[in-house]
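Below, chains carry the letters A, B, ... as their sequence lines are ordered, and counting in each starts from 1.
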There are 2 protein chains.
Amino acid sequence: MNIGTASEKTGLPAKTIRYYEEIGLLSPERADNGYRDYSANDVHRLRFLQRARGLGFSVEECRQLLSLYGDKNRESADVKAIASAKLVEIDRKLAELAALRSMLSHLVSHCHGDDRPDCPIMDELSGRSGMQ
Amino acid sequence: MNIGTASEKTGLPAKTIRYYEEIGLLSPERADNGYRDYSANDVHRLRFLQRARGLGFSVEECRQLLSLYGDKNRESADVKAIASAKLVEIDRKLAELAALRSMLSHLVSHCHGDDRPDCPIMDELSGRSGMQ
DNA sequence: CTTGACCTTCCAGTGACTGGAAGCCCTATC
DNA sequence: GATAGGGCTTCCAGTCACTGGAAGGTCAAG
């Protein structure tokens, strides 16, 4: 499949897809005419990248996560260590997103006046319990 | 409070804090000696920025979200519209994080062999249900 | 066989930082 | 009171992750 189709299927701009190839995140085949030819697996990787990047994971983190799937030579303990570390981070992100959600939802449902409400939204928004 | 203390309290590098000021995300006072002087409110804003950026919101999105809190002149309907739109996005992010979590957790608990497992993790990871 | 959409590479620009130089401020010790 | 150290200042340059644009090749339709 051509890059345009891959772009549609993943929501990533073609430019970004080429960039991801340039930095070694995937290696699509080339057709005889020189066009990139994306497999279903390539699309999976790209879709994953689209999601993980949007969730605040760096490109290097994405590379690690992708390697969990793709690298057949990797030791099982190694896989587990990386995956476990990411799990902790994901749980933190989940909690932060939930806090943000509750703050916004509060704002939508309670603050209907013509002016800024007095409720200390910032407390929730910046995390009542000390972070890190 | 000086920038070093603000940096400690928020987990943001001093460089980043100065950058956020430069692009108008906060305006700390200045002490007589020219040093930036951060209030508790400034620290709240910074802590929020630290979180929201880590969750994949762009600086412009963060600016909008901060304005929900800070702008007393904003119309209520406007606030609600922005907050509601962000809620939708947050819910999407929450679902994606949950999917990522389930994939990683599956990897940790099921794939204990010496080699890559056969389970098609990519299906989960790239989202079984078609996105956008 | 031309038009237009899609592809290629390459190079430059942007957003969001990040590092480093040069110099001022402040405390602390000699 | 001089000086050493750490923290602060500005400014300018560099990096990461894209993003836009130019110049040109490919392909299906008319």
Side-chain angles (χ1 to χ4, degrees), chain A residues 1-39 42-43 45-67 86 89 93 96 100 132, chain B residues 1-39 42-43 45-67 86 89 93 96 100 132:
Chain A
M1 129 192 17
N2 283 350
I3 199 167
T5 313
S7 169
E8 264 177 53
K9 289 200 177 207
T10 60
L12 286 169
K15 281 268 180 189
T16 304
I17 296 177
R18 288 194 199 95
Y19 174 71
Y20 285 163
E21 178 181 352
E22 194 186 318
I23 63 174
L25 290 175
L26 73 165
S27 309
E29 301 292 312
R30 293 284 178 143
D32 291 342
N33 57 11
Y35 287 17
R36 288 169 179 83
D37 185 16
Y38 294 90
S39 69
D42 289 330
V43 171
R45 292 177 81 87
L46 289 169
R47 195 126 69 183
F48 169 72
L49 284 165
Q50 198 270 338
R51 294 193 155 197
R53 291 288 298 123
L55 293 168
F57 290 94
S58 74
V59 164
E60 284 319 302
E61 287 176 312
C62 290
R63 193 191 300 276
Q64 273 196 334
L65 287 165
L66 281 174
S67 81
K86 291 299 169 211
E89 196 180 341
K93 280 177 192 280
E96 289 179 4
L100 188 55
Q132 55 153 238
Chain B
M1 132 190 16
N2 282 352
I3 200 168
T5 313
S7 169
E8 266 177 50
K9 289 201 177 206
T10 59
L12 287 169
K15 282 269 180 188
T16 304
I17 296 178
R18 288 194 200 95
Y19 173 71
Y20 285 163
E21 178 181 351
E22 192 187 319
I23 63 175
L25 290 175
L26 73 165
S27 308
E29 300 294 311
R30 292 285 178 144
D32 291 343
N33 58 12
Y35 286 18
R36 288 168 179 83
D37 185 18
Y38 294 89
S39 69
D42 289 330
V43 171
R45 291 176 82 86
L46 289 170
R47 195 125 70 183
F48 169 72
L49 285 164
Q50 199 269 338
R51 294 193 154 199
R53 292 289 297 123
L55 293 168
F57 290 94
S58 74
V59 163
E60 284 319 304
E61 287 175 311
C62 290
R63 193 191 301 276
Q64 274 196 334
L65 287 165
L66 281 174
S67 81
K86 290 300 167 209
E89 196 180 342
K93 279 177 193 279
E96 288 179 5
L100 188 55
Q132 54 153 245

J.: Could you work out which one of dT8(C), dT19(D), dT9(D) sits closest to the side chain of R18(B)?
T.: dT9(D)
J.: Give the rounded distance in Å between these two atoms: CD of E60(B) and P of dA16(C).
T.: 6 Å
J.: Can you tell me the distance, in whole Å, between the OH atom of Y38(B) and the C1' atom of dC8(D)?
T.: 11 Å
J.: Answer yes if the side chains of T5(B) and N2(B) hold a donor-acceptor pair under 3.5 Å, and no otherwise.
T.: no
J.: Atom CD of Q50(B) and atom P of dC17(C): how far apart are they, to the nearest Å?
T.: 11 Å
J.: Which nucleotide in the list dA17(D), dT9(D), dA16(C) gets nearest to the side chain of R36(B)?
T.: dT9(D)
J.: At what distance, to the nearest 0.5 angstrom, does CG of L65(A) lie from CZ of R51(A)?
T.: 14.0 Å
J.: In a check of side-chain contact (heavy atoms from CB on, under 4.5 Å) between Y20(B) and each of R45(B), R53(B), K15(B), Q50(B), which one passes?
T.: R53(B)
J.: If only side-chain N and O atoms of N33(B) are considered, is one of them under 4.0 Å from the OP1 or OP2 phosphate oxygen of dC26(C)?
T.: yes
J.: Whole Å only: how far is the CD atom of E22(B) from the P atom of dC11(D)?
T.: 9 Å
J.: The side chain of Y35(B) is closest to which nucleotide in this list: dG7(D), dC18(D), dG19(C)?
T.: dG7(D)
J.: Between dT18(C), dC26(C), dC7(C), which nucleotide has the shortest distance from any of its atoms to the side chain of T16(B)?
T.: dT18(C)
J.: Calculate the interatomic distance between I23(A) atom CD1 and dC18(D) atom P; express it in whole Å.
T.: 7 Å
J.: Calculate the interatomic distance between L49(A) atom CG and dC18(D) atom C1'; express it in whole Å.
T.: 13 Å
J.: Using whole Å, report how far CG of N2(A) lies from P of dT26(D).
T.: 14 Å
J.: What's the closest nucleotide to the side chain of I3(B) if the choices are dA17(D), dC7(C), dC8(D)?
T.: dC8(D)
J.: What's the CG-P distance between D37(B) and dC25(C), to the nearest Å?
T.: 17 Å
J.: Looking at dC18(D), dC27(D), dT9(D), which one has an atom nearest to any side-chain atom of R53(A)?
T.: dC18(D)
J.: Regarding E21(B) and R18(B), does a basic nitrogen lie under 4.0 Å from an acidic carboxylate oxygen?
T.: no
J.: When rounded to the nearest 0.5 angstrom, what is the spacing between CE in M1(B) and OG in S7(B)?
T.: 11.5 Å
J.: K15(A) side chain: which of dT8(C), dC10(C), dT10(D) is closest?
T.: dC10(C)
